[in-house]
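To start, the structure itself, in C-alpha cells.
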2 protein chains.
Amino acid sequence: MVVAPNEERGAHVDPAALEALRTRLQTYMVKKGLRSTAQRRLIIDTFFEGAPHMTIEDLLQKVRNHDRGIGYATVYRTLKLLAECGVASERRFGDGLSRYELADEASAHHDHLICLRCGKIIEFEEPRIEQLQDEIAEKYGFLITSHKHEMYGHCADCQRARKESGEDLDELDE
Amino acid sequence: MVVAPNEERGAHVDPAALEALRTRLQTYMVKKGLRSTAQRRLIIDTFFEGAPHMTIEDLLQKVRNHDRGIGYATVYRTLKLLAECGVASERRFGDGLSRYELADEASAHHDHLICLRCGKIIEFEEPRIEQLQDEIAEKYGFLITSHKHEMYGHCADCQRARKESGEDLDELDE
DNA sequence: GTCCTTGCAAAACATTTGCAGTTCC
DNA sequence: GGAACTGCAAATGTTTTGCAAGGAC
C-alpha cells in the first residue's frame with residue numbers, strides 16, 4: 001500500500017476500528033476527568049480524517065484552516081494525549097520531526113519503507129517477520145510492547161529519476 | 001549478545017574489520033583534504049575502543065579525561081564525519097539522544113531489543129529477517145541503503161523485578 | 001601562508017512548560 | 001465556582017553554526 005502525501009486516510013481504515021478508537025479515547029478522558037473542547041475536537045477529527053504520518057506542522061496547518069487561532073502547544077498537547085491512551089502512535093523517521101498515525105490494529109502490524117530522496121513513505125506488512133520477532137523476544141525472555149522496523153533507501157521512482165539525471169549514488173566527493 | 005553499559009567493545013570486534021574502518025576513514029579524509037588533529041585522533045580512538053551505543057555526552061566525558069578542553073561541537077563534528085564516511089552509524093532509541101556505533105559488517109547486520117525500564121540494549125541478528133527484508137524491498141522496487149529494526153519492551157530482569165515489586169504493567173490511572 | 005579546525009557562544013530546532021485569562025461541567 | 005484548557009511567550013534540551021584564534025600541511 002503506497003500512501004501519497006495528500007491522500008486521505010478515511011477510506012482505508014475499517015470504520016469499526018475508528019469507532020473503537022473513539023470509544024477508547026472517550027473512556028480515557030472520562031476516567032481522567034479531561035474535557036472536550038472545541039479545539040480538541042477539531043484537532044482530533046482532523047487527525048482521524050487526515051493522511052497517515054502527519055507531522056505536528058501538517059496538523060496545525062490543516063486545523064488552522066478551520067480555526068485560525070489554534071496554537072502549537074495545543075496540537076502538541078492533544079497528540080500527546082492521543083498517544084498516551086493508545087489511540088495514536090508517534091513515529092520518527094529520522095528527519096527530526098515527530099509524525100503520528102492512528103494506532104488501530106492494522107497500523108500495529110505494518111512497518112515502513114522511507115525514501116531518502118523524495119520522502120515517500122511506503123507501508124508494508126509481513127507476518128513472517130512478526131513471527132520471527134516473537135521468536136527472538138522469547139529467546140531473550142523479552143516482553144515486547146512495541147517495535148519499529150524501517151528500511152531507508154531510494155524508491156523505484158527515484159532510482160529512475162537518478163539514472164536519468166546522471167546523479168551519482170555515492171556522492172563522496174560532493 | 002548482551003552488552004552491559006560499561007563493557008568495552010574492543011574484544012568483540014574483528015581486528016581486521018577495525019583496520020578496514022580506519023583505512024576507509026583515512027581515505028575519506030585524504031580525498032576531502034581533511035586534517036588529522038590531536039582532538040580528532042583522541043575522539044576517534046575513544047569511539048573505536050569504547051562501548052557500543054555511546055551518546056555524545058558519554059564520549060565527551062571519556063574524551064575529557066584525556067584532554068580537559070575539548071568542546072561539544074568538536075565531538076559532534078567528529079562523529080558526524082565518521083557517520084558521513086560510513087565508519088559510524090547514528091542510532092536513536094527514542095530517549096532523545098543520538099547514539100553512535102561502529103559500522104562494521106557485523107553491526108550492519110544486527111538490530112536491537114531496548115528495555116524501556118532499565119535502558120538495557122540487547123543486540124540480535126536474524127538472517128531470516130534480512131532475507132524477508134530483501135524480498136519486500138524487491139517487491140516495491142526499493143533500493144535499501146540502511147534499515148532500523150528495534151523492539152521495545154521489558155527485559156527478563158525487569159519483568160522479574162516488576163513482579164516482585166508489584167509494579168503495574170498498565171499505569172493508565174497514574 | 002593557506003585554509004582546515006577548534007572552542008566558545010549564540011543560534012536553530014522541535015518540544016515542553018508557566019502563567020493569566022477563558023471555558024467546560 | 002472550581003478545575004481543566006488555551007494561547008502566548010519563555011524555557012528546555014539537543015544539535016548546528018558563525019567567528020576569531022590556533023594548528024596542520
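Bear in mind the structure is a predicted one, so any value in this text is a computation, not a measurement. Proteins come first, then strands; the chains are lettered A, B, ... in the order of their sequence lines, and each starts at number 1.
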### Message
Just the rounded figure in Å: distance from C1' of C:dC13 to CG of B:L97.
### Response
16 Å
### Message
Measure NZ/A:K80 against C1'/C:dA14 and give the value in whole Å, please.
### Response
13 Å
### Query
Mind checking which nucleotides bracket the chain A contacts on DNA chain D, 5' to 3', with an atom under 4.0 Å from a heavy atom?
D:dG2 to D:dC8
### Task
Measure the distance from CD1 on A:I70 to C1' on C:dT23 and round it to the nearest whole Å.
14 Å
#### Entry: Whole angstrom value for the distance that separates C1' of C:dC8 from CZ of B:R64
11 Å
### Message
Under a 3.5 Å threshold, yes or no: a donor from one side chain and an acceptor from the other, between B:H149 and A:D111?
### Response
no
### Query
In whole angstrom, what separates B:Y72's OH from C:dA10's C1'?
16 Å
### Query
Between C:dG7 and B:T74, is there an OP1 or OP2 to side-chain N/O distance shorter than 4.0 Å?
yes
### Message
Within the 4.0 Å heavy-atom criterion, would you say B:R40 contacts the bases, only the backbone, or no part of the nucleic acid?
### Response
sugar-phosphate
### Query
Without hydrogens or angle criteria, can the side chains of A:Y152 and A:E150 be said to hold a donor-acceptor pair below 3.5 Å?
yes
### Message
Measure CE/B:M29 against P/C:dT5 and give the value in whole Å, please.
### Response
6 Å
### Task
Scan side-chain atoms only and decide if A:H110 and A:E125 contain a donor-acceptor pair under the 3.5 Å cut-off.
no
### Task
Group every Ile, Leu, Val, Met, Phe, Trp and Tyr by side-chain heavy-atom contacts under 4.5 Å, then state whether B:Y76 and B:L60 land in the same group.
yes
### Query
Among A:R91, A:R99, A:R92, which residue meets the salt bridge (Lys or Arg N to Asp or Glu O under 4.0 Å) test with A:D95?
A:R99
### Task
Report the distance from atom CD of B:Q39 to atom P of C:dT6, rounded to the nearest whole Å.
5 Å
### Query
With a 4.5 Å limit on heavy-atom distance, are the side chains of A:C118 and A:C155 in contact?
yes
### Task
Send over the distance from A:R77 CZ to C:dC19 P, rounded to a whole Å.
13 Å
### Task
Mind checking the CD1-CG spacing from A:I70 to A:L42? Nearest 0.5 Å is all I need.
4.5 Å
### Task
Assign each of B:G33 and B:V75 to its nearest nucleotide of DNA chain C by heavy atoms, then name whichever residue's nucleotide is nearer the 5' end.
B:G33
